[in-house]
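This report concerns only the one structure given below.
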There are 2 protein chains.
Amino acid sequence: MTDTRWLDAEEQRAWRAYLDATRLMIRAFDQQLQTDAEVSFTDYELLVKLSEAPGRRLRMRDLADATMSTRSGVTRAVTRLEQLGWVRRVECEDDRRGTHAELTPAGLAKLAAAAPGHVTAVREHLFDQLTPAQVDHLAEAFGQVADALQRPRAGGAQPEPDSRGDGHARRISAARAG
Amino acid sequence: MTDTRWLDAEEQRAWRAYLDATRLMIRAFDQQLQTDAEVSFTDYELLVKLSEAPGRRLRMRDLADATMSTRSGVTRAVTRLEQLGWVRRVECEDDRRGTHAELTPAGLAKLAAAAPGHVTAVREHLFDQLTPAQVDHLAEAFGQVADALQRPRAGGAQPEPDSRGDGHARRISAARAG
DNA sequence: TCCCAATATTTGCGGCGTCAACTAAAGTCA
DNA sequence: TGACTTTAGTTGACGCCGCAAATATTGGGA
């Protein structure tokens, strides 16, 4: 183990600004959605992902990948949303282990009702503060960061033997493009 | 209410990349700290803020402001850390309502032990993915976003009369500079 | 000094998230 | 086909968080 490379002044500044802004934004969006539409930010995003999927349905695992969440997190979220009538579970035809989460008409209506206020808040707190060039920079930078985190790290520490070979990364990329 | 200004393609790209990267990073940092040092990310940051404060102590409210958290959140966090022996509560001399949270030597030691691994992870997942120019852009952009969120919005909706006049904004700025 | 609005902190309640363990169903291979 | 591994989804235990209400002080007039 070599000596730690500490953050320099500019990195510190970036890191703290990022963390501060993120906490403030997430809380602001959560509150806005909660008070104006009675949905949590997490649930809202889950509804968005379903609304964009073909047939407005997604397998639980794909929903987890699409929302950058965990399987258990999605299980609980879908249970919540199912009880609210905004999502329903549909068994897989070809794989008896699988379950689809499908957006109901009520769920779509809820999403349509919540979207304008949410987008307005995102614009107000984030995009109205940035120039178009800054938006480009942001997309580029975080695209790189997200990709690196989804890819089994190259010269990394000491994880499994090597690659995983299955369709995991491919599935995630497909979801992120959607 | 005017029509909603939806996000254009580039804004969508930026927004999703940001959210995805953020979720993945936060989870990665939480796991790293938890497994390597048995501290949560939140608690780690709280310890950092205390370590940087004069006398290694901060009033609860200032700790809340510094961590972009809520008062109740800080109360619970400090209770946790107090039980672990890393922080202790000290009553205010001049204001009997007030309580200081003070980092103990054990807390400082824990922080020193956890820091290298954490900084290494932050570097790996974030800064190693970015050019110095991107780091500058990021600091600038999120600095603007965080400032806007901390400032009572100018032409905003219908909040309190106008300014608040007290030392709130000043206190936050001081903390963010530290 | 007495009354009342503001501030500091805590706590009851409930939402939401993760990990690890568990069940069920595929897939693999001899 | 039978044994073993992998994958999908769920759940139990537990931790963290925030709001709103409660408690204790403070500060500012009347």
Side-chain angles (χ1 to χ4, degrees), chain A residues 22-24 26-35 38-46 58-65 67-84 87 89-101 160-161 164-168 171, chain B residues 22-24 26-35 38-46 58-65 67-84 87 89-101 160-161 164-168 171:
Chain A
T22 296
R23 291 225 173 78
L24 293 170
I26 298 301
R27 193 154 53 240
F29 297 144
D30 233 326
Q31 285 180 339
Q32 184 275 319
L33 281 169
Q34 200 65 61
T35 56
E38 293 182 299
V39 203
S40 72
F41 186 34
T42 307
D43 287 355
Y44 175 85
E45 292 209 301
L46 193 154
L58 235 33
R59 283 192 62 158
M60 301 297 279
R61 75 164 177 222
D62 296 324
L63 195 45
D65 289 346
T67 57
M68 302 294 151
S69 181
T70 61
R71 305 237 166 139
S72 63
V74 168
T75 291
R76 295 183 197 288
V78 167
T79 300
R80 273 199 303 276
L81 296 171
E82 200 172 25
Q83 287 168 344
L84 290 166
V87 165
R89 280 182 165 86
V90 181
E91 291 184 1
C92 262
E93 299 285 310
D94 52 326
D95 186 345
R96 285 189 203 166
R97 294 169 303 178
T99 306
H100 289 283
E160 303 82 296
R164 49 196 301 172
D166 64 271
H168 186 72
R171 203 164 53 238
Chain B
T22 296
R23 290 226 173 77
L24 293 170
I26 299 302
R27 193 153 52 238
F29 298 144
D30 232 326
Q31 285 179 341
Q32 184 275 320
L33 280 169
Q34 199 64 59
T35 56
E38 294 181 298
V39 204
S40 72
F41 186 33
T42 307
D43 287 355
Y44 175 86
E45 291 209 299
L46 193 155
L58 236 32
R59 281 191 65 158
M60 301 296 279
R61 77 166 175 219
D62 296 325
L63 196 46
D65 290 346
T67 56
M68 301 295 150
S69 179
T70 61
R71 306 237 166 141
S72 65
V74 168
T75 291
R76 295 178 200 290
V78 167
T79 300
R80 275 199 302 276
L81 296 170
E82 200 172 26
Q83 285 167 345
L84 291 166
V87 165
R89 278 183 165 87
V90 182
E91 291 183 2
C92 263
E93 298 287 311
D94 52 329
D95 186 345
R96 285 190 203 164
R97 294 169 303 178
T99 305
H100 289 282
E160 303 81 299
R164 51 197 297 175
D166 65 275
H168 186 72
R171 203 161 56 236

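Keep in mind that this is a model prediction, so the values were computed, not measured. Here is the naming used below: chain letters follow the sequence lines, and residue numbers restart at 1 for every chain.
Nucleic acid contact class of T42(B) (heavy atoms, under 4.0 Å, all strands): sugar-phosphate only. Residue T79(A) is classed as having no contact, given no heavy-atom separation below 4.0 Å to the nucleic acid. Residue R89(A) is in sugar-phosphate contact alone, with no base atom involved, counting any heavy-atom pair closer than 4.0 Å across all strands shown. Nucleic acid contact for T75(B): base, since at least one base atom lies under 4.0 Å from a heavy atom of the residue.
When V90(B), D95(B), V74(B), D65(B) are each tested for a side chain to side chain contact (heavy atoms under 4.5 Å, CB included) with R59(B), only one passes: D95(B).
Toward the 5′ end of DNA chain D lies the nearest nucleotide of T99(A), the other residue of the pair Q34(B) and T99(A) mapping further downstream. Nearest-nucleotide positions on DNA chain C place D43(A) closer to the 5' end than the other of D95(A) and D43(A).
For the pair Q31(A) CD and dC19(D) C1', the interatomic distance rounds to 9 Å; values are reported in whole Å. Following rounding to the nearest Å, R80(B) (CZ) and dT11(C) (P) show an atom-to-atom distance of 14 Å. When rounded to the nearest whole Å, the span between CG of L58(A) and P of dG9(D) equals 10 Å. Rounding to whole angstrom units, CD of residue Q32(B) and C1' of dT18(C) are separated by 17 Å. dT6(D) atom P lies 24 Å from atom CZ of R96(A), rounded to whole Å. Taking atom CD of Q83(B) as the reference point, atom P of dC16(D) lies 11 Å away to the nearest angstrom. Taking atom CD on E91(A) and atom C1' on dA8(D), their separation rounds to 13 Å, with Å as the unit. Atom CD of E38(A) and atom P of dC19(D) are 16 Å apart (whole Å).
Within a 6.0 Å sphere centred on CD of E38(A), other residues, nucleotides and ligands contribute 12 heavy atoms or fewer. Within a 6.0 Å sphere centred on CZ of R89(A), other residues, nucleotides and ligands contribute more than 12 heavy atoms.
Contact of R76(B) with dG18(D) (side chain to base): a donor-acceptor pair of N or O atoms is detected under 3.5 Å. Under 3.5 Å, the side chain of R97(A) and the base of dT7(D) form at least one donor-acceptor pair of N or O atoms.
With dT10(C), dT18(C), dG9(D) as the candidates, the nucleotide lying closest to the side chain of T70(A) is dT18(C).
Atom OG1 in T42(A) sits 14.0 Å away from atom CZ in R76(A) (nearest 0.5 Å). The CD atom of Q31(A) lies 10.5 Å from the CG atom of L33(A); values are rounded to the nearest 0.5 Å.
Taking 4.0 angstrom as the limit, R59(B) places a side-chain polar atom (N or O) nearer than this to OP1 or OP2 of dT9(C). At least one side-chain nitrogen or oxygen of S69(B) sits closer than 4.0 Å to the OP1 or OP2 atom of dG18(D). OP1 or OP2 of dG9(D) has not a single side-chain nitrogen or oxygen of R61(A) nearer than 4.0 Å. Close to dA8(D), at under 4.0 Å from its OP1 or OP2, lies no side-chain N or O of S72(A).
Every residue two or more places apart in sequence or in another chain that forms a salt bridge (Lys or Arg N to Asp or Glu O under 4.0 Å) with R23(A) is listed here: E45(B).
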